[in-house]
Amino acid sequence: MTRRFTALAALAAVCACVELVAGRGMSPGAVWDVLNGGGDATERHILFRLRLPRLLVALCAGACLAVAGLVLQSALRNPLAGPEVTGVTPGAVLGAVTATALGLAGWDSPLAVVLAACAGGCAGAALLWLLAGRGRGDPAQTAVHGVLVSAVLGGLTAMVLLVEPGELGSVVQWLVGTTEGRVWEHWHLLWPWALLWGTAAWLLAGPLTLLRCGDDIALAAGLSARRARTLALLCAVALTAGAVAAVGALGFVGLLVPHLAVAVFGADLRRSLPGAALAGAVVVCGADAAAQSSSRLLAAVLDSDRLTLPVGALTAGLGAALLLVVVRRAPDRTF
């Protein structure tokens, strides 16, 4: 198990190094010169004021989404549960966009964005919980209701855009998901939030492991299933809201990475929760590095300096393709 954590941490370090040199505006050699104490003021500004906080935000947001997905799948005993398909992510996007349209939040007030996203995420999760009713333990029914809730919340977000068309830029950023333009203010707000709720999720590893076995076993062990599930859902919503407020809705990270973490680190959540955090950080950081490299290549081929590929588009496309491959190769699996 130690070797697996070490290997994943080494992969995260490699992805981080690639992301630092992948963006436009500086060559890899210029990055190396700045790290060695050289470079001019512009190059130092790009590296330390733009690229480094973007890297840290990508790592932290990926960890948040992966942990939130694993918590949701364990609490609901549903392999299809994830922030994207349980109303949490669409609700968080709706909350952030609505608060921005009303002038209550914005990029200059990131704390208000987090609070609005958290409120929207809680509302989305509560709506799914009410619609699922007695069928909450059925993965298929929960998935169907989650798609419906996500569609409703997406429609409400579109209505906000119709009322406030001037918010098109912020809406697209939150709907697609991007790390473009993230600075130290986003990092200083995200990491304490992620540390707080990530620690709370890890402290719930024991109850969540029992919930994965079923409510009857949890009750036999003396655990209040309803209370533990409520606390777990609160942690998942808070982690998702923090990530969405920082980078927007990154598709499929919270749905697929938890399965990878459980496959690598086992069903014991005391190990798989930290493993999911590390795997999520690797996935988002690697996807962001690939997106920046692709943007650089496409800009050179198409002769367009403004062309930028958002990381959310890459995670959504690759995640959907991976999910399709898994379903076709293992049609009997529940996800």
Side-chain angles (χ1 to χ4, degrees), residues 60-78 80-99 105 110-132 136 142-143 145-150 152-154 156-157 174-175 177 189-205 207-208 211-212 225-255 257-258 269 273 276-277 280 284:
C60 194
C64 288
L65 290 173
V67 172
L70 184 54
V71 169
L72 283 173
Q73 292 172 7
S74 302
L76 300 178
R77 291 189 294 114
N78 187 342
L80 290 173
E84 305 90 345
V85 294
T86 54
V88 178
T89 294
V93 171
L94 176 60
V97 170
T98 302
L111 179 59
V113 175
V114 171
L115 295 178
C118 191
C122 289
L127 182 58
L128 173 62
W129 195 249
L130 291 175
L131 289 179
R136 294 172 185 140
T142 304
H145 285 102
V147 172
L148 293 175
V149 169
S150 299
V152 170
L153 296 175
L156 292 176
T157 302
W174 271 304
L175 287 179
L189 183 63
L190 180 58
W191 78 261
W193 185 271
L195 180 62
L196 172 64
W197 292 105
T199 302
W202 187 80
L203 292 176
L204 289 172
L208 284 172
L211 289 177
R212 288 175 68 93
R226 177 176 296 181
R227 182 180 301 174
R229 184 172 287 112
T230 300
L231 293 175
L233 292 177
L234 178 61
C235 288
V237 169
L239 287 169
T240 302
V244 169
V247 299
L250 298 180
F252 287 94
V253 176
L255 179 62
V257 173
L269 294 185
L273 278 173
V284 175

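Side-chain atoms are counted along with the backbone in the values below, which use heavy atoms only and exclude waters and symmetry mates. Small disclaimer: the values here were computed from a predicted structure and weren't measured.
- The backbone N or O of R212 lies less than 3.5 Å from no partner atom in the side chain of S74, so there is not a single donor-acceptor pair.
- The CG atom of L239 sits 9.5 Å away from the CG atom of L190 when rounded to the nearest 0.5 Å.
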Show your reasoning for whether side-chain contact (heavy atoms from CB on, under 4.5 Å) applies to L70 and L269.
-> CA-CA 9 Å; L70 184 54; L269 294 185; 4.0 Å; yes
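- The SG atom of C122 lies 9.5 Å from the CG atom of L233; values are rounded to the nearest 0.5 Å.
- When every heavy atom of A125 is checked against every heavy atom of V88, the shortest pair comes out as CB-CG2, 4.0 Å.
- Closest approach of L211 and A75 over heavy atoms only: CD1-CA, 4.2 Å.
- Taking all atoms of both residues into account, the shortest heavy-atom contact from V67 to L273 is CG2-O, 3.8 Å.
- Pairs engaging residues 228-237 under the side-chain hydrogen bond (donor to acceptor under 3.5 Å, both in side chains) rule: D215-R229 [sequence neighbours left out].
- Evaluation of the side-chain hydrogen bond (donor to acceptor under 3.5 Å, both in side chains) test over residues 115-124, restricted to residues two or more places apart or in two chains, returns none.
- Checked by atom type and distance alone, the side chain of W197 never pairs as donor or acceptor with a backbone atom of T240 at under 3.5 Å.
- Considering all non-hydrogen atoms of both residues, A68 and A236 come closest at CB-O, 3.6 Å.
- Heavy atoms only, all atoms of each residue included: L72 and G82 are closest at CD1-C, 3.7 Å.
- By the 6.0 Å contact criterion, CH2 on W193 is enclosed, its count of non-hydrogen atoms from other residues, nucleotides or ligands being greater than 12.
- Between the CG atom in L128 and the CG atom in L76 there is a gap of 7.5 Å [rounded to 0.5 Å].
- Here the closest non-hydrogen pair linking C64 and A243 is CB-CB, 4.0 Å.
- Among V253, T89, V244, the single residue meeting the side-chain contact (heavy atoms from CB on, under 4.5 Å) criterion with P83 is T89.
- Between V257 and L65, every side-chain heavy-atom pair lies at or beyond the 4.5 Å cut-off.
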